[in-house]
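Here's the structure, in structure tokens; my notes come after.
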Amino acid sequence: MEYIAIVLANIVAILIIAPIIDGIERKIKAKLQCRKGPPILQTWYDLVKLFRRPSIVTEEYSLAYVISPYIIFANMTLALALVPSFTRISLSFFGDIIVLVYLIASSSIFLAIGSISSGNVFATIGANREISLATLSKLLMALVLATFATLKRALTLGSIFPIIPPYTLSAIISIILFAIIAYIDCYKLPFDIPEAEPEIIDGILVEYSGKSLGVLKYSTYLKRILLFTIIVDLILPRNIPTLLLPISYFTFLLALSITYVCVETYFGRLRIDQALKFMKTMVPILLVVWFIAYLHY
Amino acid sequence: MLTSITEILNLLKKYGKVEKIHKDTYVVEISPGKVRELCEILHWKLNGHFSVTVGSDERPVNGYFGVYHVFLLDKQKLSVIVHVKVNPVTLKIPSITPIIPGANWHEREAHDFFGIFFEEHPNLERLILPYDWPEGIHPLRKDVNVRELRYKLLKKETGLVVEKKAEEEYIVPIGPYHPALHEPEYFELYVEGEKIVDARYKGFHVHRGIEKVAEERLTINQVPFIAERICGICGYTHNVAYCQAVENAARIDVPLRAKYIRSILLEIERVHSHLLWFGVLFHLLGFDTGFMMTWLVREKIMDLAEILTGNRKNYGMNLVGGVRRDINEEKIKLSLETLDYVEYKLRKILDKMLKLKEITSRTKEIGLLSREEARKLSVVGPVARASGISTDVRRYHPYAAYSELEFKVPVYDAGDVYSRALVRYDEIFESISMLKQLLKNIPKGDLTAENVKVPEYRKGLGLTEAPRGENVHLVITGRENKVYRWRPRAPSYNNVPSTLVMLKGEKLADAPAIIASIDPCFSCTDHVVVIDVRTNVKQVLRLKEIARGK
Amino acid sequence: MKTPRIDIFKEALKTGVVTKKYPFEPVEAPEGFRGKPSIDFEKCIGCEACVNICPPNALSVEIDTKRGIKRVMLFLGRCIFCGRCQDVCPTEAIKLSREFELSSLNSKDLYQIVELKMAKCKICGRYYATVRQILFTAKNVPKDQRPLLLLCDECRSKVSAKHISYARW
Amino acid sequence: MSLKLFRRSLWVYHLNSGSCNGCDIEVLNIFTPYHDVERLGIKLVASPRHADVIVFTGPITRETLPKAIRAFFAVPEPKAVVAVGSCACGGGIWYDSYAVIGGIEAFYRILENYYKIRLPLTVYVPGCPPKPEAIIYGIAVLRGVLKQKQRKTYFLEKEVPALTRDFIVNLEKYMKQEGGINIGKK
């Protein structure tokens, strides 16, 4: 019972801080652009307003369009339960690493299906881009996670984390690669292609409004936190005192998001083919790293 | 090749009666049969360029419709207006579009507004008038009372008619409301995957009927204010062009100080317009920091304009014959300080931004426009200069105080989006250096000419170099202190058709940047209106369908 | 390729946050700013000079023949803030201030209306001009010609045409 | 009612209904560093579906009218409207042109006639173009943060001197006596 309560408390804590982390990112981005920026709670204000507004459905809508935001949200919450965050404890079972990849990948697909069924041209283009990016980035992510699994000879997230020590070359390279993939998967510039505002009017999100838009936005923040959490887990040693754990986790999270946003602010958007080319070059590197990890055994 | 002015005049005399209307500007009145021959010589052989076609209803004056083709010969610093009288019964004259494709829109516009038929025009369809405009009514004819018409139109079930879209191909509509443009324009892009195979343009959403308002309601000294509102970015250049046209027509000498003040404001406008363009380009390429930083610098220029004129955008400084406000020593000092700051800041950031890899990789060799295509479509301004054509009204047809300044005209040959950016980059610094010269050397004197009297039925041509290219106003003065005919031609009018050439074969993601690269100013273009034929297919939609808002 | 990015970063940090505090702190428009035009009721004489010069017809005039009132209306929702009215006003009744906070939730709040009483022509009995305008003109006219001002344009020309001395009637 | 909802977060859809660009640029300008309305929770969105407020700039030309209607209905209720610039407020210099509808009120008249809708809360921001601060002020008025300063002013001349011959001839004398007729004071 206690175990479940802790996991639940963990998730609730993350649900609360996810928009705040986004708020902090917005604030920092604004400062880097010489402006004052919104208050840190701004993202929460936006979400609350969206939840209180009605969602308009298009005439050609299908079930997928209506429910996909909620499925994505559920996916993300579940995935967050799988990784240790504020505490050491998380849902842990044999093969949870595969479930994690599945949850992340399926939410991208649901997003694409949902927006295609809205019937809007821009949404369709956005979905197209989302799928081509997602297939590649999820392949990369699977490869990295496979490398981790090989390094630790385990299929349980609990025994994989943290990946260092030992400070082997393959471990460090794979962590860096995962950080890059996480960056791409957060759709940060120069990779925010499916939602490119000036090109295709927010792409996949164009037809969503009110609550469903709020839920979708919320899931994006959760996804970002999920990816950050994985990175933190890869580095953060878990044998420190229990009381220090939440603080160090949060500090790491903040440091990561600040680094990411500083990088993002000074980039323009790539074209989809350029982004794909960049990601394709990562595949052989990952394969090599995986092979090295295998040799370590 | 003919070069000297006298030789050209002799040549023109062979075709018809030549009349000098003001300095360096000649009107040749020729018969319809010879139009094409002369236009070909002027545009292709003499290396001039076609600038504008103006239709005019002159039945109350001489019983004919008139068509004026304006050509600018840059090398000889000459403007030639080819005047053709059109029979008011048959209304037919030969089209020059087969020779100069750039004349396409101009002739269609004259067809819309006056019902003049251009024989052998490839595509003489409605261009400008709104979708629900009744057939056979040509608003700029002098016998049409559009005010009555307006109330009739308002009573119709307007807003319910929505054009049906063709569904055979995969169409991406860019517009009418697209966040990249901030202006209602409609580009239909036909795509295969992410590649654009064809493009179509339906524009003129911002047609506001300026010419009719000016000719019917306003007096000569009120028109400058409506001219300024042709465009909110480069309005002052329209204002100056109009005033120059009237001043030329009435042979009014503007005091030198007024000319200097005009030049100062024109250059301030150019700097702010180009900075705005850079901001928009960076925003389109997803580089929001670039947008924020350039607009941060631009804000200083806007504040300066506010201090000098009393408004940030619509300066309202001109009247026919001079300017309304003076610039005192204190303001000159302030302007010089601001310019130093702006120059320092821009040198620090702007070229760094242009070196960023995402920016270069998404602008170099994108949206190509070759020199030949540019000549054919008769594009102007930075678009022409980026395609290797050296054209600049300030240099070749000097106005205001430009003949007394030292400046360079940047020309690049690549013809892509990047070279358009470079042209503008160079121009910003040229403008700042010009502003410094102007502010330091401003002479003392009056602000307005004395005895501003405007005679009837005189023609005048006003040329300015707007931030987007050459800007032409043809004015025929009328009775009772009104204009008889006023045709402002904004640079985007010549530049927009070139985007369709640039877009073909490019990636969808690059479309907004390509469209923006000509710095389209649709509200300038749309003072006159045009629509595609396909709007004839009309469909009445129910409220629900409309509310879908697709 | 890294250097330009870092240069921009440095420059941004050097510039610092520049945001104004506006809605919480007042901002003053610079001197000479063409802001809200307002009519000084005490000075307006209803001469229509501004109505004739106004490019967008934001100033309009109505004559109520029943009540003998001339109504000068300024609608800010059409005004283009060019300041021509200020240039031509003979009594400096209309002036552009530096006020720019003109927003309102009701378009009726954008009107300024002045109603001035008119005088009747002493011969035909029609209303022809505001009392203020007549008095304003009278000041600049020699005393012996002033009574002519009490007639409307038509009657005045008739009177002069008939060479009837103005002293007679 | 809708105001409370938007106190902290307001998403704006910008619709150019035939404006000259002046107002559009100023609307864009309030998002740049000097004014940065993101600090007030205001964000520019690309899709009308996401918006709480439509910003109209321009006199609404005939050509944009159907598109403006579609965009208007695409914004979920409750919504508000900001009419930026004199053109949007009352048609501006184009008010009687054949190609324009003439301002937001004429637009509402069409909506009322054909769709029978309840009109949204509207704030008028006159100016040609309005200063960025004026637009921020307009939004503050819409949210109820700041009070509206602009009020209708009305003046009716109450008493006029009787225009007699004697009065007009000896104007100077009377003016001195009464001391109150300040006609044409410079």
Side-chain angles (χ1 to χ4, degrees), chain C residues 15 17-20 22-23 27 29 33 36 38-39 41-45 55-58 69 75-82 90-92 99-117 119-120 122 130-132 134-136 138-139 143-144 146-147 149-150, chain D residues 33-36 39-40 83 86 89-96 103-105 121-128 130-142 145-146 148-157 159-161 163-165 168-172 175 181-186:
Chain C
T15 312
V17 174
V18 295
T19 311
K20 293 176 191 165
Y22 170 60
V27 164
F33 178 74
K36 172 188 170 183
S38 51
I39 306 177
F41 309 131
E42 297 301 327
K43 286 183 186 167
C44 179
I45 57 166
N57 296 7
I69 274 174
F75 179 36
L76 288 181
R78 206 187 276 160
C79 177
I80 57 167
F81 303 87
C82 60
T91 62
E92 292 183 6
E99 182 66 43
F100 60 86
E101 291 166 330
L102 309 178
S103 308
S104 69
L105 292 167
N106 189 335
S107 65
K108 292 210 172 59
D109 282 333
L110 299 174
Y111 281 97
Q112 288 177 26
I113 298 172
V114 183
E115 290 190 341
L116 299 175
K117 290 227 161 95
K120 271 184 185 165
K122 295 286 180 200
T130 62
V131 175
R132 286 183 176 187
I134 295 167
L135 293 178
F136 181 75
K139 281 203 304 186
K143 278 193 177 182
D144 50 345
R146 281 183 188 170
L149 294 171
L150 298 175
Chain D
Y34 273 98
H35 304 287
D36 185 36
R39 76 201 144 103
L40 308 172
S86 294
C89 290
I93 199 165
W94 326 101
Y95 74 101
D96 66 346
I104 196 85
E105 295 204 314
L121 191 70
T122 311
V123 66
Y124 298 82
V125 187
C128 194
K131 260 170 93 79
E133 284 94 348
I135 301 174
I136 297 175
Y137 174 78
I139 291 174
V141 167
L142 182 80
V145 179
L146 292 183
Q148 177 184 332
K149 284 185 193 167
Q150 176 68 29
R151 291 282 171 223
K152 180 180 175 175
T153 50
Y154 174 80
F155 171 78
L156 174 64
E157 197 181 19
E159 275 181 46
V160 286
L163 277 188
T164 57
R165 236 184 110 188
I168 201 162
V169 172
N170 300 314
L171 189 62
E172 281 80 6
M175 279 176 78
I181 310 169
N182 48 1
I183 312 300
K185 245 190 217 166
K186 279 265 174 182

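First the proteins, then the strands, lettered A, B, ... as listed; each starts at 1.
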For [X] and [Y], which heavy atoms make the closest approach, and how far apart are they?
X: C:S103; Y: D:A134; value: OG-O, 3.6 Å
X: C:N57; Y: D:Y95; value: ND2-OH, 2.7 Å
X: C:L76; Y: D:S86; value: O-OG, 3.8 Å
X: D:P33; Y: C:T19; value: O-OG1, 2.9 Å

Within the side chain of D:Q148, is there an N or O that forms a donor-acceptor pair under 3.5 Å with the backbone of C:L105?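 Indeed, once roles are kept as given, a pair shorter than 3.5 Å links the two residues.
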Contact part of [X] toward chain D, heavy-atom cut-off under 4.5 Å: side chain, backbone, both or neither?
X: C:F100; value: both
X: C:I69; value: side chain
X: C:V27; value: side chain
X: C:K36; value: side chain

Regarding D:K131 and the six-membered ring of C:Y22, is the cationic atom NZ or CZ under 6.0 Å from the ring centre and inside 45° of its axis?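 Cation-pi check for D:K131 and C:Y22: fails.
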[X] versus chain C, the contacting section by heavy-atom distance below 4.5 Å:
X: D:Y34; value: both
X: D:L156; value: both
X: D:L40; value: side chain

What's the spacing between C:S104 OG and D:L142 CG if we round to 0.5 Å?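 Answer for the OG-CG pair, C:S104 versus D:L142, is 11.5 Å.
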From C:Q112 atom CD to D:F155 atom CZ, the distance as rounded to the nearest 0.5 Å: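 Here the rounded value is 13.0 Å.
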For C:K20, does the NZ atom sit with more than 12 other heavy atoms under 6.0 Å from it, leaving out its own atoms?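 Result for NZ/C:K20: enclosed.
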Based on non-hydrogen pairs under 4.5 Å, which of C:A58, C:S38, C:C79 is most in contact with chain D?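 Of C:A58, C:S38, C:C79, C:C79 has the most heavy-atom pairs under 4.5 Å with chain D.
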State whether C:D109 and D:R151 are salt-bridged, where the test is any N-O pair (Lys NZ or Arg NE/NH1/NH2 against Asp/Glu carboxylate O) under 4.0 Å.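 A salt bridge links C:D109 with D:R151.
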